[in-house]
Amino acid sequence: TLEIKPDMEIDFRAMPFEDCSFKMVVFDPPHLKDLGQNTWMAQKYGVLLPTWETDIQAGFDECMRVLEPNGVLIFKWNEANIKAKDLLRLFPAEPLFGDFTGKTGSTIWVTYLKTPNAEVSGLSDGPPC
């Protein structure tokens with residue numbers, strides 16, 4: 001039986017948190033494209049919309065916005081439908097490091113550091129922390 005009970009439901013593209021609120025953020029967005037909205041997999045993992053590239057970019061920017069300077073962003077992605085190399089090119093920053101894991105080696109965990117005064121797309125003119 002699948003039971004999903006989040007503490008809160010929010011849009012990862014527009015989080016209700018102040019700038020520079022967290023030392024660490026884990027970003028694990030939906031990674032599947034071709035699922036019916038009511039399938040077990042869609043309920044468990046979510047489904048990418050046709051605007052997935054823009055959505056994931058906005059989510060990355062939002063994660064960086066809520067990070068403190070020198071905060072760490074851990075990004076998780078599964079390559080079931082979209083290769084990590086195609087996805088990571090969307091981000092304005094280079095990761096510090098990453099590694100593939102999982103039963104089939106198709107899940108990647110990537111680590112980013114928010115450096116002080118870092119220019120992140122959409123944030124270069126944003127408020128300082």
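Only a predicted model underlies this, so the values are computations on that prediction, with no experimental measurement involved. Residues: numbered from 1 along the sequence shown.
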Indicate the atoms forming the closest heavy-atom contact of [X] with [Y], along with that distance.
X: Pro30; Y: Phe12; value: CD-CE2, 3.9 Å
X: Trp77; Y: Ala84; value: CD1-CA, 4.2 Å
X: Arg65; Y: Met15; value: NH2-O, 3.1 Å
X: Lys76; Y: Asp28; value: NZ-OD2, 3.5 Å
X: Ile82; Y: Asp86; value: CG2-CB, 4.4 Å

Within the 4.5 Å heavy-atom criterion, are [X] and [Y] side-chain neighbours or not?
X: Trp52; Y: Lys33; result: yes
X: Phe22; Y: Val72; result: no
X: Leu88; Y: Val110; result: yes
X: Tyr45; Y: Asn78; result: no
X: Cys20; Y: Leu67; result: no
X: Met41; Y: Leu32; result: yes
X: Phe75; Y: Pro29; result: yes
X: Phe100; Y: Glu79; result: yes

Measure the spacing between [atom1] of [X] and [atom2] of [Y] and express it to the nearest 0.5 Å.
X: Ile108; Y: Lys83; atom1: CD1; atom2: NZ; answer: 11.0 Å
X: Leu73; Y: Glu62; atom1: CG; atom2: CD; answer: 12.0 Å
X: Asn81; Y: Leu48; atom1: CG; atom2: CG; answer: 7.5 Å
X: Asp19; Y: Ser21; atom1: CG; atom2: OG; answer: 7.0 Å

Report the relative orientation of the aromatic rings in Phe60 and Phe91; use parallel for angles under 30°, tilted for 30 to 60°, perpendicular for over 60°.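 If you compare the ring of Phe60 with that of Phe91, the planes turn out parallel.
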
Before accepting this row, confirm whether a basic side-chain N of the pair Lys23/Glu68 lies closer than 4.0 Å to the acidic partner's carboxylate O.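 Yes, Lys23 and Glu68 are salt-bridged.
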
Any salt bridge between Arg89 and Glu53, counting N to O under 4.0 Å?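 Salt bridge present between Arg89 and Glu53.
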
For side chain to side chain contact (heavy atoms under 4.5 Å, CB included), just list the numbers for Val66 and Val25, CA-CA rounded to whole Å, side-chain angles, deciding distance to a tenth of an Å, and then say yes or no. CA-CA 8 Å; Val66 301; Val25 172; 3.9 Å; yes

What I want to check is whether the side chains of Thr101 and Trp109 have a donor and an acceptor closer together than 3.5 Å.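 Short answer, yes.
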
For the side chain of Thr39 and the backbone of Ala42, is there at least one donor-acceptor N/O pair under 3.5 Å apart?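 Yes; at least one donor-acceptor contact below 3.5 Å.
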
Full working for side chain to side chain contact (heavy atoms under 4.5 Å, CB included) between Asn70 and Lys114: CA-CA 5 Å; Asn70 297 309; Lys114 180 180 178 179; over 6 Å; no

Please say yes or no: joined through hydrophobic side-chain contacts below 4.5 Å, possibly via intermediate residues, are Leu49 and Ile56 part of one cluster?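 In one cluster with Leu49: Ile56, no.
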
The test is side chain to side chain contact (heavy atoms under 4.5 Å, CB included); show your working for Ile74 and Thr111 and say whether it passes. CA-CA 5 Å; Ile74 307 292; Thr111 303; 3.5 Å; yes

